[in-house]
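Lettering follows sequence order; numbering is per chain, from 1.
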Amino acid sequence: AQSVTQLDSQVPVFEEAPVELRCNYSSSVSVYLFWYVQYPNQGLQLLLKYLSGSTLVKGINGFEAEFNKSQTSFHLRKPSVHISDTAEYFCAVSDLRGNNDMRFGAGTRLTVKP
Amino acid sequence: NAGVTQTPKFRVLKTGQSMTLLCAQDMNHEYMYWYRQDPGMGLRLIHYSVGEGTTAKGEVPDGYNVSRLKKQNFLLGLESAAPSQTSVYFCASSLGQPYNEQFFGPGTRLTVL
């Protein structure tokens, strides 16, 4: 089965600074990749997803991610963060076989400080 | 549209008690899922359903049962709760296919004493 590793459990950053949240995946077949965000006391919501085509994917709230097949990575970036970006971010992978088995990483808690 | 709703939001059980968590969606989605979220472990799939009347096991199904009698509802049952089942439970739904996003409910925080 596929798996996801989020390399940082916590990322503190100052407001207006750039941020990168790292995600690596493992799978024996081609995959679809997702980033979800979870604000405090809420469910997850989709930030962006990679299905195919351009390896640079743009999402909501100014986030973008780059798919790198050779590095099996899907890192999330934002050039300038806001206080409101404070949340937990989850990378997720599902494979093309359609076995309804989306695997999530352990999450990265992004804290934006003033 | 309410999206995905979960009932209850919080619950405290004693070891051995039973309970049912209700998930409802109004998006006419075929697929529904139950996850548990534990610190440092992300979300793990408990059970899922690909349509009314169908259910299947996920990654961590032991100790849980599910039913999907109506397309819009997906119930998660704990027959005999254990402290290891203390967690936050999320329901999600989707159109199906691995490339579709999942829509999540707000979660149920369950504590088993």
Side-chain angles (χ1 to χ4, degrees), chain A residues 1-10 21 23-27 29-53 57 59-60 65 67 74 87-109, chain B residues 2-7 9-10 21 23-25 27 29-51 54-61 66 68 74 87-109:
Chain A
Q2 64 273 28
S3 65
V4 178
T5 302
Q6 291 185 241
L7 297 156
D8 306 292
S9 60
Q10 297 187 62
L21 306 183
C23 171
N24 285 94
Y25 69 92
S26 173
S27 177
V29 299
S30 295
V31 296
Y32 300 119
L33 293 155
F34 304 79
W35 274 100
Y36 285 84
V37 59
Q38 183 182 31
Y39 298 105
N41 300 313
Q42 294 185 27
L44 282 69
Q45 54 185 278
L46 184 71
L47 265 182
L48 49 79
K49 61 182 178 182
Y50 171 78
L51 303 183
S52 64
V57 180
I60 61 172
F67 171 60
F74 190 53
E88 187 131 22
Y89 293 79
F90 292 93
C91 183
V93 59
S94 64
D95 70 46
L96 273 63
R97 291 171 297 184
N99 59 3
N100 301 296
D101 194 6
M102 181 177 286
R103 296 295 175 109
F104 289 81
T108 297
R109 181 169 298 278
Chain B
V4 180
T5 58
Q6 293 183 231
T7 308
K9 289 185 170 50
F10 303 93
L21 281 66
C23 175
Q25 54 94 5
M27 295 174 283
H29 285 168
E30 288 293 334
Y31 288 49
M32 296 186 74
Y33 313 82
W34 275 108
Y35 293 92
R36 59 178 289 172
Q37 182 181 28
D38 301 292
M41 301 188 74
L43 275 75
R44 292 180 292 169
L45 183 64
I46 304 170
H47 286 281
Y48 65 95
S49 168
V50 301
T54 73
T55 63
K57 294 180 180 179
E59 186 184 356
V60 289
V66 288
R68 183 106 180 261
F74 195 29
S87 188
V88 181
Y89 291 86
F90 286 98
C91 177
S93 70
S94 79
L95 289 168
Q97 303 303 325
Y99 48 78
N100 287 130
E101 72 173 284
Q102 295 184 16
F103 293 82
F104 285 81
T108 295
R109 185 173 294 276

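Taking all atoms of both residues into account, the shortest heavy-atom contact from B:Tyr35 to A:Met102 is OH-CB, 4.2 Å. Considering every non-hydrogen atom in both A:Lys49 and B:Asn100, the closest pair reads NZ-CA, 4.3 Å. Minimum heavy-atom separation, A:Ala106 to B:Gly40: CB-O, 3.3 Å.
For a residue to count as touching a neighbouring chain, one of its non-hydrogen atoms must lie under 4.5 Å from one of that chain's; by this rule A:Gln38 touches chain B with the side chain only. Proximity to chain A (any heavy atom under 4.5 Å) is restricted, for B:Gln37, to the side chain, taken from C-beta onward. Interface residue A:Leu44: backbone and side-chain heavy atoms are both found under 4.5 Å from chain B. For a residue to count as touching a neighbouring chain, one of its non-hydrogen atoms must lie under 4.5 Å from one of that chain's; by this rule A:Tyr36 touches chain B with the side chain only. Neither the backbone nor the side chain of A:Arg109 comes within less than 4.5 Å of any heavy atom of chain B. For A:Gln45, no part sits under 4.5 Å from any heavy atom of chain B, backbone or side chain.
Between the CZ atom of B:Arg109 and the CG atom of A:Asn41 there is a distance of 7.0 Å, given to the nearest 0.5 Å. Summarising the geometry, atom CZ belonging to A:Phe104 is positioned 5.5 Å from atom CD belonging to B:Gln102; distances are rounded to the nearest 0.5 Å.
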